[in-house]
Amino acid sequence: MKSLLTFACVGALALLTGCVNGPIGKRSNYDVVAYKPKNPENVRIKVSLSNRAVYVMEGDTPLLITACAIGKAGYATPTGSYRISNKIPNKRSGEYGFSINGDSIHPAKVSEASGHYVGFPMAWWSEFTPGYGFHEGAVWPIPRTHGCIRLHHNVAPKFYALAKIGTPVNIAQTQPEDATIGKDLKRPQDYADPDPAPAILVSDRAFTKPPEPLLVDRP
């Protein structure tokens, strides 16, 4: 019975969440190298929606290249030029999460929670416009989020280390890098892995410390 309840809980959460739902904890071997910038003030972030790719650049030099998940139909990721305006390493969703009543934990929107509400973890949050940001989550091969840009568990902390408050962000349907460094981009294959148990997701155990170093010197 306990396993059935856990399955039902996780399944219901998948229906509730788009931006926040995604694996947390130990993941596949998908990873990318992230390089230290020579001058952090010159770092720029470029997002290609058509290629579902993030390019962190210092001038013409790529520091990090990674696949990402973007907004689904009706929840499009906004395009335009922005700047990183807020960073929270252990952020939780203010809209989607869990309702806790004693030992009972059920997926719920904040407006529907009948008990104590705890938001779904959105680790390594880097906001670029109110309500939208980069954060850890499952990187599906199709548009899947509520407008945020999800990064793989192994990549999100590296991106977080490169993205400073004030770092420029450009989001467009295409970027010039799509035809060069973004061509044949490797993508995660663990996007459909099940989430940890709800008891973990509502605790501090949902946030894991990444291995060091996050950034390495350029060769």
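This is a predicted model, so every value here is computed, not measured. Positions are given from 1 along the sequence.
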Those residues that, when tested against Tyr117, pass ring-ring contact (aromatic ring centres under 6.0 Å, His included) (two or more places apart):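 Per chain and number, Tyr117 pairs via ring-ring contact (aromatic ring centres under 6.0 Å, His included) with no residue.
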
Please examine the side chains of [Y] and [X], heavy atoms only from C-beta on, and report whether any two atoms are closer than 4.5 Å.
X	Y	value
Leu214	Glu212	yes
Val118	His116	yes
Arg150	Ile70	no
Thr145	His135	no
Thr77	Thr79	no
Val139	Asp190	no
Asn101	Ser99	yes
Val202	Phe120	no

Donor-acceptor contact present, side-chain Lys158 to main-chain Val32, <3.5 Å: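 Yes, the answer is positive, given that a donor and an acceptor are paired below the 3.5 Å cut-off.
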
Backbone of Asp178 reached by a side-chain donor or acceptor of Ser48 within 3.5 Å: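 It does not hold such a pair.
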
Same cluster (ILVMFWY, side-chain, under 4.5 Å), [X] and [Y]:
X	Y	answer
Ile149	Tyr30	yes
Leu162	Met57	no
Leu49	Leu185	no
Val47	Ile181	no
Ile45	Ile65	no

Measuring from atom [atom1] of [X] to atom [atom2] of [Y], what distance do you get when rounded to the nearest 0.5 angstrom?
X	Y	atom1	atom2	answer
Ile165	Ser85	CD1	OG	6.5 Å
Met122	Asn90	CE	CG	13.0 Å
Phe207	Glu136	CZ	CD	8.5 Å
Thr66	Leu64	OG1	CG	6.0 Å
Gln189	His152	CD	NE2	10.0 Å
Trp140	Tyr191	CH2	OH	6.5 Å

Smallest separation among heavy atoms of [X] and [Y], with atom names:
X	Y	result
Pro78	Thr129	CG-CG2, 4.3 Å
Ala53	Cys68	N-SG, 3.6 Å
Arg83	Pro168	NH1-CG, 3.4 Å
Cys148	Gly133	CB-O, 3.3 Å
Ala206	Pro121	CB-CG, 3.8 Å
Leu151	Ala67	CD2-O, 4.2 Å

Partners passing side-chain hydrogen bond (donor to acceptor under 3.5 Å, both in side chains) against Asn42 (at least two apart in sequence or in another chain):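 Once residues adjacent in sequence are excluded, Asn42 has no partner under the side-chain hydrogen bond (donor to acceptor under 3.5 Å, both in side chains) criterion.
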
Contacts of type side-chain hydrogen bond (donor to acceptor under 3.5 Å, both in side chains), residue Ser104, not counting sequence neighbours: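 His106.
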
Pairs meeting criterion side-chain hydrogen bond (donor to acceptor under 3.5 Å, both in side chains) with involvement of residues 164-176, two or more places apart: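 As it turns out, the side-chain hydrogen bond (donor to acceptor under 3.5 Å, both in side chains) pairs with a partner in residues 164-176, which skip direct neighbours, are Ser81-Asn170, Asn170-Gln175.
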
Derivation of the side chain to side chain contact (heavy atoms under 4.5 Å, CB included) call for Val216 and Tyr35: CA-CA 5 Å; Val216 300; Tyr35 296 106; 3.7 Å; yes

Kindly state each residue pair satisfying ring pair (Phe, Tyr, Trp, His ring centres under 6.0 Å) with at least one member in [range], sequence neighbours excluded.
range	answer
residues 60-92	Tyr75-His146, Tyr82-Phe128
residues 162-183	none
residues 40-64	none

Do any pairs count as a salt bridge (charged side-chain N to carboxylate O under 4.0 Å, His left out) and have a residue in [range], sequence neighbours left out, and if so which ones?
range	value
residues 84-96	none
residues 53-63	Glu58-Arg218
residues 35-56	Lys36-Asp217, Lys46-Glu177

From CA spacing to verdict: side chain to side chain contact (heavy atoms under 4.5 Å, CB included), Asn29, Asp31: CA-CA 6 Å; Asn29 292 328; Asp31 206 352; over 6 Å; no

With Asp204 via salt bridge (Lys or Arg N to Asp or Glu O under 4.0 Å) - residues at least two apart: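 Result, salt bridge (Lys or Arg N to Asp or Glu O under 4.0 Å) vs Asp204: none returned.
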
Trp124: hydrophobic cluster co-members (side-chain, 4.5 Å):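 Members other than Trp124 - counting any ILVMFWY side chain reachable under 4.5 Å - are Tyr160.
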
